[in-house]
There are 2 protein chains.
Amino acid sequence: MKRKSFGNMQCPVARSLELVGEWWSILILRDAMHGLTRFDEFEKSLEIAPNMLTRRLTSLVSSGLLERKKYQDHPPRYEYILTKKGKDFRPVLVSLLAWGNQYLAPEGKSVLLVDSQSETIIDPILVDRNSKKPLTRISSRFVPGPKANKETIARINFANERKPKKIK
Amino acid sequence: MKRKSFGNMQCPVARSLELVGEWWSILILRDAMHGLTRFDEFEKSLEIAPNMLTRRLTSLVSSGLLERKKYQDHPPRYEYILTKKGKDFRPVLVSLLAWGNQYLAPEGKSVLLVDSQSETIIDPILVDRNSKKPLTRISSRFVPGPKANKETIARINFANERKPKKIK
DNA sequence: CAGTATCCTGTCCGATACTG
DNA sequence: CAGTATCGGACAGGATACTG
C-alpha cells in the first residue's frame with residue numbers, strides 16, 4: 001500500500017518525486033548526463049545489481065526521461081538516451097551537486113562544473129530568466145497557481161503570512 | 001544490508017541523497033520552506049503517519065537540515081526550524097518545482113514562484129554567479145575536482161570525450 | 001497538542017545464477 | 001555483452017493505540 005498518493009499530489013515537487021524518488025534513478029540520470037548510455041556502463045559505474053538496473057532503467061523509460069534505442073541489429077543492442085525531459089532535469093542535479101559540494105565535502109570537492117569556453121569553475125545559482133535577479137527566500141516566494149486546490153493554497157499561504165492570493 | 005555505500009560515495013549528488021533520499025524528507029523540507037515548523041502542521045499538511053513524521057524529522061535534525069528548538073516550557077514544546085544548511089537546500093526544491101511544472105502539470109500549475117517586489121512570476125534558471133551566463137549542457141560540463149578518485153575521474157571523463165583533466 | 005509504542009506490509013535493493 | 005529469473009533481507013512507510 002506504499003506510496004499510493006502521498007497526500008496532496010498536486011504539488012509539482014511531489015509529482016517529480018513520484019518519477020525520480022528512488023536513489024538509483026537519480027544516480028542513473030547523473031551518469032546519463034555524464035554521457036553513459038549502455039547497460040554495462042551504468043552497471044560498472046554505479047556498481048548496481050543488474051536486476052535493479054533493469055528495473056530503474058525501465059521505470060525511467062516509462063516515465064519518459066530516458067529513451068531505449070536500438071543501436072545494433074545482430075544481436076539486438078539497446079542504449080539509453082536522455083530525452084528532452086530527461087535533459088531538462090539537469091538543474092536539479094546541478095543544484096544537488098552544488099549543495100553537496102558546499103556541505104558534504106569537507107575533505108575537498110570531487111566533482112565541479114566548469115565553463116566550456118573559459119575553463120573557469122562555475123558557481124551555480126538560480127536567477128529569474130527575465131530579470132536575472134537571484135532567487136532568495138526574501139526576494140521570491142511560493143504562491144498558489146491557477147490550478148491550486150484548497151490544500152495547496154492552505155499550505156502555501158502559511159509561508160506568506162496568510163495572503164490568500166492566486167496568481168492567474 | 002540496504003543502502004550501505006551506493007558505489008562511489010565520493011559523488012556529492014550521492015552524498016546529498018544519503019541525507020534527503022527519502023520521499024518524506026524532501027516534502028518535509030518543502031513544507032519547512034513554506035514556513036511550517038510544528039509537528040501537527042507537518043502532520044496535517046502531509047497526511048503522514050505520526051511515527052513516520054517522527055522518524056523523518058529526527059533524521060533531518062541529525063543530518064543538520066532542521067533544528068529542534070523548544071519554544072515553550074510547560075509543557076515542553078518543540079518546533080523544527082530550517083538551519084542554514086536546510087535553507088540552502090532551496091535551489092534543489094525550486095529546480096524540482098520548475099521541472100515538475102514544466103512536465104508534470106498538464107492541467108495547469110498549482111504552485112508558482114513570484115518576485116516579492118514586482119509580484120511577477122519567476123522562471124528560475126541556473127546561471128554562474130560571476131559571469132551570469134546560463135548553464136547549459138553545451139556551455140558547461142562536469143569535471144573531476146581536486147579530491148576526485150579514479151572512479152570519479154573515469155565516470156566524468158566519459159562525458160568529456162576523455163580529456164582527463166583535473167581542476168585545481 | 002506533540003508525540004511514542006507496536007505491529008504489519010510492501011518493495012527497494014542485494015546476491016546469485018542463468019541465457020541468447 | 002545485455003540483460004532475465006529467483007530468492008531473501010532490511011527498512012520505508014502505514015495503521016492504530018496510547019500518553020503527558
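A note on names: the letters A, B, ... follow the listed sequences, proteins ahead of strands, and every chain is numbered from 1. Computed from heavy atoms alone, side chains included, the values below leave out hydrogens, waters and symmetry copies. Worth saying up front: this structure is predicted, and the values here are computed from it rather than measured.
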Open item on the list: Please determine whether any donor N or O and acceptor N or O are separated by less than 3.5 Å between the side chain of N51(A) and the base of dG3(D).
Closed with: no
TODO: Give a yes/no on whether any side-chain N or O of R77(A) is located under 4.0 angstrom from OP1 or OP2 of dC1(D).
DONE: no
Open item on the list: If the cut-off is 4.0 Å, is W23(B) near the phosphate of dG14(D), judged by side-chain N/O to OP1 or OP2?
Closed with: no
Task: Side-chain ion pair, E22(B) and R55(B), N-O less than 4.0 Å - done: no
- [ ] Tell me what R56(B) touches on the nucleic acid: a base, only sugar-phosphate, or nothing, going by heavy atoms under 4.0 Å.
- [x] sugar-phosphate
Task: Whole-Å gap separating P (dA2(C)) and NZ (K70(B)) - done: 14 Å
Open item on the list: How many whole angstroms separate atom CZ of R38(A) from atom P of dC1(D)?
Closed with: 8 Å
- [ ] Please confirm whether the backbone N or O of F42(A) pairs with a side-chain atom of S45(A), one donor and one acceptor, at under 3.5 Å?
- [x] no
TODO: Take the protein atom CD1 of I48(A) and the nucleotide atom C1' of dC12(C), then report the distance between them rounded to whole Å.
DONE: 11 Å
Open item on the list: Can a donor-acceptor pair be found, under 3.5 Å and without considering hydrogens, that links the side chain of Q72(A) to the backbone of Y78(A)?
Closed with: no
Task: Listed nucleotide nearest any side-chain atom of R68(B), set dG3(C), dG14(C), dG13(D) - done: dG3(C)
- [ ] Would you mind reading off the distance between E41(A) atom CD and dA2(D) atom P, rounded to a whole angstrom?
- [x] 8 Å
Open item on the list: Please compare R55(B) and P50(B) by the position of their nearest nucleotide in DNA chain C and report the one closer to 5'.
Closed with: P50(B)
TODO: Measure from CD on Q72(B) to P on dA2(C) and round the result to the nearest Å.
DONE: 8 Å
TODO: For F42(A), answer base if it contacts any base atom (sugar-phosphate contacts may also be present), sugar-phosphate if it contacts only those atoms, and nothing otherwise; contact means non-hydrogen atoms under 4.0 Å.
DONE: nothing
Task: Residue F39(A), side-chain heavy atoms: nucleotide from dC1(C), dT4(D), dG3(C) that is nearest - done: dT4(D)
Task: Same apolar cluster: W24(A) and I81(A), side chain cutoff 4.5 Å - done: no
Task: Residue matched to dC11(D) through Watson-Crick or wobble contacts both under 3.5 angstrom - done: dG10(C)
Open item on the list: Less than 4.0 angstrom between a side-chain N/O of T54(A) and OP1 or OP2 of dT4(D), yes or no?
Closed with: yes
Open item on the list: Closer than 4.0 angstrom, basic N to acidic O: yes or no for D128(B) and K132(B)?
Closed with: no
Open item on the list: I need the CD1-C1' distance between I28(B) and dA12(D), as an integer number of Å.
Closed with: 12 Å
- [ ] Take the protein atom CD of E22(A) and the nucleotide atom P of dT11(C), then report the distance between them rounded to whole Å.
- [x] 11 Å
Open item on the list: If the cut-off is 4.0 Å, is Y71(B) near the phosphate of dA2(C), judged by side-chain N/O to OP1 or OP2?
Closed with: yes
TODO: Return the value, rounded to whole Å, for the distance between atom CE of M52(A) and atom P of dG8(D).
DONE: 19 Å
